[in-house]
Amino acid sequence: MLDHLGDLKRTHNCGELRPDDAGKEVLLMGWVHRRRDQGYLIFIDVRDRWGMTQVVFNPDVNEQAHAKAKSLRTEFVVAVSGTVHNRHEKTINEKHATGAIEVHVNQLHILNQANTPPFVIEDRVEGVGEELRLKYRYLDLRRPVLQRNFILRHKIAMKVREILDQNHFLELETPILTKSTPEGARDYLVPSRVHKGKFYALPQSPQIFKQLFMVSGLERYYQITRCFRDEDLRADRQPEFTQIDMEMSFVQMEDVFEVVEHMMAEVMTLIDVDATRPFPRIAYTEAMDRYGSDKPDRRFGLELQDFSTLVASCDFKVFADCITNNGRVKGICVPGGSDLSRKDIDQLESWLKKDYGIKGLAWMKWTDEGVAGGISKFLGDLGPDLFRAANGSQGDLLFFVADSREKANQALGALRLQVGKNRNLIDESRFEFLWVIDFPLLEFDHEQGRYIALHHPFTSPLDEDLPKLSTDPGQVNAKAYDLVLNGFEVGGGSIRIHRRDVQDAMFKALGIGDEEANLKFGFLLDALSFGAPPHGGIALGLDRLVMIMAGEKSLRDVIAFPKTTSATCLMTDSPSEVSVNQHVELGIHVMRGAKSD
RNA sequence: GGGGGCGUAGUUGAGUUGGUUACAAUGCCGGCCUGUCACGCCGGAGGUCGCGGGUUCAAGUCCCGUCGCUCCCGCCA
């Protein structure tokens with residue numbers, strides 16, 4: 001029989017009672033975490049968001065409550081009132097903050113029953129399958145580890161708002177139902193009932209709207225807002241995610257860096273990390289050359305080495321020919337890597353060949369008997385020279401990739417990360433911020449036969465590169481920047497184009513004609529012609545930031561109701577089919593089994 | 001779109017070369033227990049081996065297909 005809540009009121013939460021509270025009459029509410037029925041004594045751990053408190057049912061204290069407690073099961077919702085007692089020395093539980101006290105219950109209210117949960121509500125349930133956890137997400141979210149993540153997420157959002165408010169930013173909202181734009185990620189579309197055959201798009205980011213706020217003279221904007229991108233998922237990519245979106249007027253890159261670094265440093269104090277400022281900066285090309293990545297993880301070394309000059313005229317044809325064909329011979333030196341087995345190396349090689357299209361992964365070891373194995377026999381005296389060039393020492397292993405600069409960088413960048421993980425070279429206690437700057441404005445898309453914006457089409461070119469926009473677009477650098485933390489891109493932004501003539505030139509370079517530009521972005525172009533101030537900003541990925549700060553490996557652990565890798569929700573079973581009536585109302589005809597190219 | 005891993009009691013896993021009634025832990029149910037805290041002890045229930053097809057005298061095990069979860073490549077201005 002269930003009890004009503006009535007006018008019962010909590011006096012304390014389950015995490016706060018201490019020996020000082022001994023003697024107090026208290027009332028706790030929460031879930032039955034665990035039941036230990038000793039026959040005479042019944043111990044129950046009552047759990048709420050704040051912690052866990054042991055309550056004791058003793059027939060000598062209250063026989064009725066003791067009898068009622070017999071029926072309690074895991075996850076029942078209870079209210080217990082009783083007296084706080086210090087535990088005997090021998091029975092103190094050091095594992096819990098409340099472990100020195102217990103509540104002797106004289107009244108038990110069972111507020112709700114519970115089915116046996118499909119998995120134990122415990123932190124150490126690493127084994128529970130993702131599928132179950134997602135289906136019963138509300139139970140998964142009862143686990144203290146996940147609750148900690150969301151408490152941290154809340155604190156981060158609060159801190160962000162606090163700092164931005166201090167810096168005179170206004171929190172402003174932008175539409176969720178908006179206009180589909182070309183360029184960029186695939187849009188999620190929403191059909192219009194009123195205008196059949198027409199669609200809204202969910203925002204990939206509020207990019208254009210925040211620029212319009214600047215035109216409006218609101219000067220400083222921010223928003224913690226949802227963004228949507230219909231692309232395939234990864235551990236660090238969900239179809240809907242949250243950005244800390246910011247924009248400021250009358251600023252240069254340095255002003256944006258200043259605000260963001262200040263904000264991030266404050267945010268990091270929430271996990272007792274002291275972020276050293278200013279954050280280091282690295283040019284995009286240097287990042288690619290040294291780390292093989294535009295988001296380098298600087299918590300460990302293993303930097304890429306360029307051996308091209310050394311091997312240019314060597315006898316090993318693979319290397320020499322590669323250099324002759326304008327390629328690069330690069331590599332990484334793995335400290336102590338001579339213990340890698342042939343099998344380990346073969347696995348790495350076949351992975352890199354498949355995923356990064358390189359022709360092969362060469363290697364050699366510096367063993368007790370000198371440089372040996374792999375390609376060392378083709379290199380002769382050059383072997384030791386290469387180890388020296390890479391600052392290697394005995395016991396190390398050198399990996400080589402001979403390919404185009406881009407492919408070599410990309411493959412070695414992936415290898416560097418893999419080796420760093422496999423050999424535990426990454427110090428998880430470190431938090432390394434990094435600005436990546438000097439991005440190219442455009443990159444040539446061979447499939448489309450035109451330039452596309454590397455960042456987005458509203459990114460300002462460097463002032464000095466402006467003339468090259470019409471003559472040599474590929475050589476123009478952008479006023480764009482990414483914020484990288486521990487190998488994740490946690491933010492990206494730019495100084496925007498605020499002049500109509502420059503925006504026109506940009507669209508021209510992108511091969512977007514006047515007509516198309518007007519159709520897609522006419523309102524922005526108009527706005528730029530009414531006195532738009534110089535402005536710029538950034539968008540920070542809140543989910544990724546929380547994930548990294550919480551020490552989690554997946555975005556799913558910091559998003560309350562995340563999607564699976566196939567973009568479904570196992571709890572609500574969305575997406576789902578809708579009635580034909582709804583199709584008709586929206587003017588939609590569904591083509592089953594239709595395939596796009 | 002492509003590649004890898006996983007799928008067996010409620011849950012997490014084991015299951016040999018294809019061979020009798022599919023195993024363990026935990027959870028669940030019942031009983032016992034006055035200091036437990038991942039309580040303990042005794043007993044019990046619990047299975048469409050993801051799904052479909054094939055090979056075979058015989059399939060959890062081999063083959064083909066398919067679905068789901070997951071990691072990666074492509075994609076993600």
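A quick note: this is a predicted structure, and the numbers were derived from the prediction, not measured. Chain letters run A, B, ... following the sequence lines, proteins first, then strands; residues in each count from 1.
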A/Asp187/A/Ser180 under side-chain hydrogen bond (donor to acceptor under 3.5 Å, both in side chains): CA gap, chis, key distance, verdict: CA-CA 7 Å; A/Asp187 285 320; A/Ser180 179; 2.6 Å; yes

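- Look at B/U11: its Watson-Crick or wobble partner, with both distances under 3.5 angstrom, is B/A25.
- Between the P atom of B/G27 and the NE2 atom of A/His33 lies a distance of 12 Å, rounded to the nearest Å.
- Listed pair A/Thr74 / B/C28 meets the phosphate criterion, a side-chain N or O lying under 4.0 Å from OP1 or OP2.
- Going from the P atom of B/G46 to that of B/A9 covers 15 Å, rounded to whole Å.
- Counting all heavy atoms, side chain and backbone alike, A/Asn409 lies closest to A/Met288 at CG-O, 3.2 Å.
- Taking the six-membered ring where the residue is Trp, A/Trp351 and A/Tyr356 present perpendicular rings, their angle passing 60° and hence far from 30°.
- Atom OH in A/Tyr136 sits roughly 9 Å away from atom P in B/U11 (whole-Å rounding).
- Between A/Leu132 and A/Asn93, it is A/Leu132 whose nearest contact on RNA chain B lies nearer the 5' terminus.
- The residue A/Gln410 sits close only to the backbone: its heavy atoms come under 4.0 Å of sugar-phosphate atoms, none of a base.
- Residue A/Gln54 is classed as a base contact, given a heavy-atom separation below 4.0 Å to a base.
- As a whole-Å value, the separation of A/Lys70 NZ from B/C32 C1' is 9 Å.
- B/G18 and B/G52 have their P atoms separated by 24 Å, with the value rounded to a whole Å.
- With salt bridges taken as basic N to acidic carboxylate O contacts below 4.0 Å, none links A/Arg237 and A/Asp543.
- At a cut-off of 3.5 angstrom, the base of B/C37 holds no donor-acceptor pair with the side chain of A/Arg35.
- For A/Arg229 and A/Gln238, the side-chain atoms include no donor-acceptor pair closer than 3.5 Å.
- Contacts of A/Arg34 with the nucleic acid, taken as non-hydrogen atoms under 4.0 Å apart, involve only primed sugar atoms and P, OP1 or OP2.
- In this structure, of B/C69, B/A38, B/C72, it is B/C72 that holds the atom nearest to the side chain of A/Arg234.
- Among the atoms of the strands shown, only primed sugar atoms or phosphate atoms (P, OP1, OP2) are found under 4.0 Å from some heavy atom of A/Thr116.
- For B/U16, there is no paired nucleotide, since no Watson-Crick or G-U wobble pair has both relevant distances below 3.5 Å.
- Along RNA chain B, the nucleotide nearest to A/Asn58 and the one nearest to A/Asp232 differ in position, and the one closer to the 5' end is contacted by A/Asn58.
- Residue A/Ile452 is out of contact with every strand shown, counting any heavy-atom pair closer than 4.0 Å.
- Here A/Tyr356 lies in heavy-atom contact (under 4.0 Å) with sugar-phosphate atoms only.
- Across all strands shown, A/Thr459 has no heavy atoms under 4.0 Å from either base or sugar-phosphate atoms.
- The residue A/Arg73 sits close only to the backbone: its heavy atoms come under 4.0 Å of sugar-phosphate atoms, none of a base.
- The C1' atoms of B/A25 and B/U20 are separated by 26 Å, rounded to the nearest whole Å.
- Within the nucleic acid shown, A/Asp37 comes within 4.0 Å of at least one base atom, counting heavy atoms only.
- Counting only N and O atoms by type, the side chains of A/Asn477 and A/Tyr284 include no donor and acceptor under 3.5 Å apart.
- A close approach under 4.0 Å does occur between a side-chain nitrogen or oxygen of A/Arg36 and OP1 or OP2 of B/C39.
- Here the separation of B/U16 from B/A22, taken at their P atoms, is 15 Å to the nearest Å.
- Taking atom P in both B/C49 and B/U61, the straight-line distance is 10 Å, to the nearest Å.
- Rounded to whole angstrom, the span from the NZ atom of A/Lys95 across to the P atom of B/C39 amounts to 9 Å.
- Across all strands shown, B/U55 has no partner, as no Watson-Crick or G-U wobble contact with both distances under 3.5 Å is found.
- Between A/Arg133 atom CZ and B/C6 atom P there is a gap of 20 Å when expressed in whole angstrom units.
- Across every strand in view, B/C41 sits in a pair with B/G31 that passes the Watson-Crick or G-U test at under 3.5 angstrom.
- In this structure, A/Asp504 pairs ionically with A/Arg500, as a charged nitrogen and a carboxylate oxygen lie closer than 4.0 Å.
- Comparing B/G60 with B/G15, their C1' atoms sit 8 Å apart, to the nearest whole Å.
- Under the Watson-Crick and G-U wobble criteria, each requiring two contacts below 3.5 Å, nucleotide B/G46 is left unpaired.
- B/C62 and B/U8 are spaced 16 Å apart, taking the P atom of each and rounding to whole Å.
- The interatomic distance linking A/Glu131 (CD) with B/U11 (C1') rounds to 14 Å, in whole Å.
- Across all strands, A/Ile42 comes closer than 4.0 Å to no nucleic acid atom at all (heavy-atom distances).
- Out of B/C72, B/C39, B/C69, the shortest distance to the side chain of A/Gln38 is found at B/C39.
- Distances shown here put every side-chain N or O of A/Ser566 at or beyond 4.0 Å from the OP1 or OP2 atom of B/G68.
- Residue contacts for A/Thr568: at a heavy-atom cut-off of 4.0 Å it reaches the sugar-phosphate backbone alone, with no base atom in range.
- The same atom, P, is picked in B/G44 and in B/C39; the two are 23 Å apart, to the nearest Å.
- Residue-level contact check: A/Leu233 touches neither bases nor backbone, having no heavy atom under 4.0 Å from any strand.
- Looking at A/Asp355, its side chain has no donor and acceptor atom pair within 3.5 Å of the base of B/C73.
- As a whole-Å value, the separation of A/Glu102 CD from B/G35 P is 13 Å.
- Taking every side-chain heavy atom of A/Thr91 into account, B/G35 is the closest of B/G35, B/G10, B/U34.
- Here A/Arg556 does not reach the OP1 or OP2 of B/C69: none of its side-chain N or O atoms lies under 4.0 Å away.
- Donor-acceptor pairing under 3.5 Å, judged by distance alone, is present between the side chain of A/Arg87 and the base of B/C37.
- B/U61 makes up no base pair with any nucleotide shown, lacking Watson-Crick or G-U wobble contacts both under 3.5 Å.
- A salt bridge is absent between A/Lys295 and A/Asp482: the closest approach of a Lys/Arg side-chain nitrogen to an acidic carboxylate oxygen does not fall below 4.0 angstrom.
- As judged by a 4.0 angstrom heavy-atom cut-off over every strand, A/Thr565 is placed among the base-contacting residues.
- Between A/Tyr138 and A/Tyr136, the ring-plane angle classifies as perpendicular under the 30° and 60° cut-offs.
- Take A/Tyr451 and apply the ring-ring contact (aromatic ring centres under 6.0 Å, His included) test, not counting sequence neighbours, and it matches A/Phe444.
- When the C1' atom of B/G5 is taken as reference, atom NZ of A/Lys553 falls 19 Å away, rounded to whole Å.
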